[in-house]
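Throughout, numbering of the chain's residues begins at 1 and tracks the sequence. Predicted model, so just to flag it, every value in this text is computed and none were measured. All heavy atoms count here, side chains included; hydrogens, waters and symmetry mates do not.
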Amino acid sequence: MAKYIVTVKLRALDADGIEAGDINTVHIPTIAKDEATAIKGAVVYHSDGGQAQENERLEMECKEPERGLVWIATRALRVTDDEWDIFLCVTDGLTDAKVCKTI
């Protein structure tokens, strides 16, 4: 299992389901067997269990048209153990860190 920091963007959807603008960007610490699994796992994790699918830009996303939201995983960065610890220290802290773990 490898360690990744996955960037996930939350974007608004307009009434026609078209992306209308950014709401937030987060970085999800993720443990996965490979980059593709990390990306899919992080976007599902952050969207609170949505259904991930590939969009027209070949990015993994979870859409909730009824709420006017879409979560899009834009990149994954594989990190070393030291980089992982530093990231957790400056974000969540080592003891209370929330980490996405995929199977």
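- In Glu54, the CD atom is crowded: over 12 heavy atoms of neighbouring residues, nucleotides or ligands sit closer than 6.0 Å.
- Shortest non-hydrogen contact noted between Gly50 and Cys62 is C-SG, 3.9 Å.
- Panel note: side chain Thr37, backbone Lys33; no donor-acceptor pair is recorded below 3.5 Å.
- Interatomic distance, Leu13 CG to Ile18 CD1, rounded to the nearest 0.5 Å: 9.0 Å.
- Evaluation of the side-chain hydrogen bond (donor to acceptor under 3.5 Å, both in side chains) rule for Thr74 yields no partner, not counting sequence neighbours.
- Atoms OG1 and CZ, on Thr25 and Arg11 in that order, are 9.0 Å from each other to the nearest 0.5 Å.
- For residues 36-46, no residue pair satisfies the salt bridge (charged side-chain N to carboxylate O under 4.0 Å, His left out) rule, not counting sequence neighbours.
- Rounding to the nearest 0.5 angstrom, the gap separating the NE2 atom in His46 from the OG1 atom in Thr7 is 11.0 Å.
- Take Arg67 and apply the salt bridge (Lys or Arg N to Asp or Glu O under 4.0 Å) test, not counting sequence neighbours, and it matches Glu64.
- With values rounded to the nearest 0.5 angstrom, Lys9 atom NZ is found 9.5 Å from Glu19 atom CD.
- For the salt bridge (Lys or Arg N to Asp or Glu O under 4.0 Å) test, residues two or more places apart in sequence or in another chain that qualify with Asp81 are Lys3.
- Closest non-hydrogen pair, Ile5 versus Pro29, comes out as CD1-CA, 4.0 Å.
- Among residues two or more places apart in sequence or in another chain, the salt bridge (Lys or Arg N to Asp or Glu O under 4.0 Å) test is passed with Glu59 by Arg57.
- Grouping Ile, Leu, Val, Met, Phe, Trp and Tyr by side-chain contacts under 4.5 Å, direct or through others, puts Leu10 with Tyr4, Val6, Val8, Ile23, Val26, Ile28, Ile39, Val43, Val44, Tyr45, Met60, Leu69, Trp71.
- The backbone N or O of Asn24 lies less than 3.5 Å from no partner atom in the side chain of Asp22, so there is not a single donor-acceptor pair.
- Note that the CD atom of Gln51 and the NZ atom of Lys63 stand 14.5 Å from one another [nearest 0.5 Å].
- In this structure, CD1 in Ile31 is found 5.0 Å from NZ in Lys101, a value given to the nearest 0.5 Å.
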